[in-house]
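This report refers to the structure that appears directly beneath it.
As the structure lists them, so they are numbered: ligands from 1, and atoms in each ligand from 1. Keep in mind that what you see is a predicted model, and the values were worked out from it rather than measured.
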Amino acid sequence: MVQPSPATPRPRVVDLRAGRRRDGVRWVDGPAPVLSWRTADGPPGWVQSRAELRVTWLDDGGSTGTATASGPVSTGIAWPWRPLRSRERVRIEVVTAAVDGPASAGAAVEVEAPLLDAADWTASWIALPTGEDTPGQLRRCFTLPAAPVRARLHVTALGALEVELNGVRVGDEVLAPGWTAYHDRVLASTHDVTDLLRAGTNVVGAWLAGAWFTERYGFFGRARRAYDGPPALLAQLEVDLVDGTRVVVGTDGTWTGTTEGPLRASGIYAGEEFDATRHDPAWSRPGPAGDGWAPVRVLPAPSAVVLPATAEPVRRTQLVTPVALTTSPSGAQQVDFGQNLVGRVRIRVTGPAGHTVTLRHAEVLEDGELATRQLRHAYSVDRYTLAGTGVEEWEPRFTFHGFRYLQVDDWPGELTAADVTAVVCHSDMAPTASFSCSEPLLERLHENVAWSMRGNFLSIPTDCPQRDERLGWTGDLQVFAGAAATLHDCDAFLTSWLADLAAEQRRSGGVVPIIVPTAMPEDREGVVAAWGDAATVVPWTLHERFGDVDVLARQWASMQAWVEVELAQADEEGLWSRGYQLGDWLDPRAPAHSPREGRTHPSLVASAYLFRSLDVVARTARVLGQDADADRYAGLAERTRTAFLAAYVTPAGRMVSAGPTTYAMTLVFGIATDPLLRERLGRRLAEVVREDGYRIGTGFVGTPLVMDALCATGQLHTAGRLLLQTESPSWLYPVTVGATTVWERWDALLPDGTVNPHEMTSFNHYALGAVVDWLHRGLVGIAPAEPGYRRVRVAPVVLPGLTSATSDLVTPYGPVHAGWVLADGAVRVTAHIPTGAGADVLLPDGTTDQVGSGEHSWTVPWAPPVPTPQLAGLDTDLAELVDDPEALALVRSRVAAFDPGRARAFDGPLRYEAGSTLRTALMFADPAGLQQVDQALLDLAAHRTTPTEETP
Ligand code: BGC
């Protein structure tokens with residue numbers, strides 16, 4: 001082994017973790033957490049050949065164990081020792097070595113097991129003295145003979161909780177323990193509370209509300225609860241004393257609860273009401289509880305198994321101050337936070353006791369007033385009644401809203417910007433991506449998608465964060481999974497949600513519900529393609545992006561059960577063309593009131609996804625070493641692929657279903673593999689996109705795929721026009737009109753500034769933002785060539801319309817950077833590959849390279865493939881006009897001058913038949929006007945061919 005010279009920094013092990021969480025807590029997620037680390041600061045080309053692992057069992061007399069991991073992989077390593085026991089503490093050390101590089105300085109981490117078995121829980125589930133969904137407080141006073149040497153609080157709820165010990169808030173989790181498949185599993189968190197306890201009298205108290213557990217779910221006025229029973233608390237405080245004894249204070253019948261507390265009402269949709277005149281700030285400190293407390297109800301244990309939390313909890317992650325305070329036309333006091341966000345508002349207020357302030361939330365304004373119609377039954381109003389004790393600070397505990405605007409009613413005195421702060425809340429995943437390029441609108445799109453992901457990864461992945469849904473729609477996540485895994489390390493978050501998916505699926509005989517956790521009986525009724533396929537696509541994405549093999553093993557039964565359900569829907573040829581489908585949801589050509597009726601026939605979506613899932617399951621079986629399953633599913637995938645081509649694709653590269661989504665699925669899923677057929681499909685797809693006037697023509701299913709499909713078939717010019725389009729419908733149209741998040745509909749805000757009148761109009765829906773994955777993976781071109789980016793593929797796409805693009809990703813092997821910039825007829829590509837990884841490089845001119853870790857750059861000649869439009873006055877071919885935004889705008893303005901009605905034909909996608917000209921499109925128009933159009937185009941053409949002084 002080569003020894004490092006004094007000048008070279010020594011490689012060192014960093015990010016050593018047990019479990020998937022990235023928020024640095026010491027608690028592991030089970031008896032055998034996966035191990036991950038990476039090596040940083042290695043010399044160029046350093047690759048791990050072996051890692052030496054050592055464990056010290058800290059509660060077992062300091063006994064030790066060792067293990068070796070061979071090869072370059074350092075993510076998701078299976079726990080190599082005996083399983084951990086509940087409460088056990090261990091120290092893990094890792095040192096890595098390379099074949100021909102210096103050994104690393106090792107790293108160590110100390111971790112601790114929470115309660116791992118149901119039998120560890122001696123506490124009982126308790127509820128407030130009365131009520132089925134009333135919130136309140138619970139409390140217990142207890143004595144300790146001595147100060148603790150160690151104290152742990154294990155706590156969970158059916159509902160949401162916040163614990164206080166001796167007047168101090170425990171932890172920083174928001175809406176803990178989050179929403180899971182409550183019939184099956186509920187997650188407990190563990191806190192180190194040693195410093196909060198003392199010898200003598202102590203008080204443990206908990207705020208408790210129903211949150212998701214008591215919420216009413218349903219559409220068309222039929223909302224009802226998904227779970228029975230009152231909000232319930234389970235807490236177990238374990239206090240170790242110096243003499244080796246352990247005092248356990250668990251929830252039981254000795255606790256008391258409020259009957260008339262300050263937390264008057266709380267709901268995820270409704271908002272929260274707090275009456276500070278009823279609040280005793282000392283309620284969780286030693287001393288008498290005062291009036292309004294009664295013995296709690298002890299409940300029978302619920303069906304849910306209590307398990308350790310395995311993902312980062314929801315936390316407050318950012319504070320946003322107002323950008324403007326205004327008065328609405330009706331005289332209401334409004335606050336603009338400048339960003340559509342998810343969380344709640346914290347107020348600082350001074351005023352008389354008993355005075356109530358009301359906070360109303362909305363994402364957009366309409367006619368200057370809060371637009372709340374699209375919130376439907378989500379009232380989204382918080383109310384605070386002042387205690388009158390001076391400066392009072394308040395933020396609701398157990399609700400959240402999606403909003404940019406706040407209306408403040410009945411503020412005592414004058415409202416200032418310092419009085420209101422928006423508190424951003426979401427699951428506290430580590431952000432992993434930044435993007436920049438030569439088009440600021442595209443950078444803002446990226447920013448908007450990142451905001452939408454944050455707002456909608458709040459305990460579970462939701463469709464939207466504001467109206468009376470906020471549900472775990474499986475299809476939304478399925479299409480967004482790649483983007484999610486790019487923007488944040490969501491391995492822990494989604495692995496936890498997949499456990500809920502598997503639990504709900506088991507209750508539905510293998511059918512994956514369209515919403516997880518399920519909230520309504522109807523969620524389980526359909527076998528819905530692209531939604532149910534979350535069961536296969538999401539684990540596979542986590543494997544690809546995070547190198548997570550364990551999630552494939554955990555989800556295998558779920559993945560297999562889902563494809564078997566799909567196969568049962570298929571005919572004898574292997575095509576799936578029956579049952580209710582959501583199709584290419586929200587294709588902009590679908591009728592606004594029926595988003596599933598887009599141009600792509602639902603059976604094409606179903607059969608394409610049948611292939612996709614069979615293919616994924618076959619690959620998964622291969623990874624897991626189950627070759628017989630792998631062969632079987634690969635064979636079934638091939639059957640469906642062949643049948644799909646025979647049924648839906650002509651040899652000339654046309655598809656029976658006309659929209660771009662059919663082409664995109666066929667190309668990107670790998671259904672069409674023959675190079676000639678792929679080229680023909682790509683060419684036809686480009687024609688379809690062009691016929692749509694380079695406006696987006698895809699819904700949930702096609703939108704994440706269409707850029708890949710165009711670029712994979714060399715249709716870069718069309719891809720550039722589609723991506724950079726700013727007219728509706730397009731990715732950038734919302735950005736041009738001030739969107740700060742991704743919208744549910746391409747035209748949630750209509751070009752005339754009014755809100756789309758359809759009731760399903762959210763301004764924070766990540767699904768159509770899935771294209772950001774392509775910005776990193778396709779445009780800049782950083783993709784995992786091996787799971788977890790152990791080997792990176794760097795393959796930039798120089799897109800017409802852009803002159804540069806860069807991406808920085810935090811991968812499991814460390815920070816990866818790539819970028820390209822055009823200058824002087826050449827493209828310069830740069831890349832940083834982290835220690836331990838390597839890269840396969842495909843440059844824009846077709847040359848390839850293979851490199852190890854370190855800094856790299858390449859410069860290759862680049863001549864942009866810009867088609868030269870032919871302008872021939874009125875005889876201009878319409879296809880050429882579509883490709884020439886300047887000429888098209890000129891025609892539109894000239895026609896508008898003499899015939900505004902006909903000018904409107906040039907507003908939307910320009911429909912044309914091959915070979916038709918502007919003359920035929922303007923047939924029977926005023927001859928004088930036509931002549932002006934003719935001349936204007938000829939002048940433009942002449943101007944373009946005349947060299948200007950600046951042009952050499
Ligand atoms: C949700 C969608 C979801 C769809 C499916 C909508 O109400 O907001 O995002 O996937 O329903 O029906």
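The aromatic rings of F480 and Y766 lie parallel to each other, with less than 30° between the two planes, well short of the 60° mark. Classification of the W540-H543 ring pair by plane angle, with boundaries at 30° and 60°, yields tilted.
A salt bridge is absent between R360 and E369; no separation between the charged side-chain nitrogens and carboxylate oxygens falls under 4.0 Å. Salt bridge annotation for E363-R373: absent, with no cationic side-chain nitrogen under 4.0 angstrom from a carboxylate oxygen.
Between V528, L582, D476, T462, it is D476 that holds the heavy atom closest to atom 10 (O) of ligand 1.
Residues A519 and Y217 come closest through the heavy atom pair CB-CG, 3.6 Å.
Which parts of ligand 1 touch W585 is read off a 4.0 Å heavy-atom cut-off, strictly below it: atoms 4 (C), 5 (C), 11 (O), 12 (O). Every atom of ligand 1 is numbered from 1 in the order shown, and the set under 4.0 Å from a heavy atom of E744 is 8 (O). Short contacts between ligand 1 and D463, defined as distances under 4.0 Å to a heavy atom of the residue, involve ligand atoms 1 (C), 8 (O), 9 (O).
Some N or O of W531 is nearer than 3.5 Å to an N or O of ligand 1, by distance alone.
At the top of the distance list for atom 5 (C) of ligand 1, counting protein heavy atoms only, stands W473 CZ3, 3.4 Å. Counting protein heavy atoms only, atom 7 (O) of ligand 1 is closest to E469 OE2, 2.7 Å.
Under 3.5 Å, the side chains of R612 and T640 contain no donor-acceptor pair of N or O atoms.
Contacts between R470 and ligand 1, counted as non-hydrogen atom pairs separated by less than 4.0 Å, are absent for every part of the residue.
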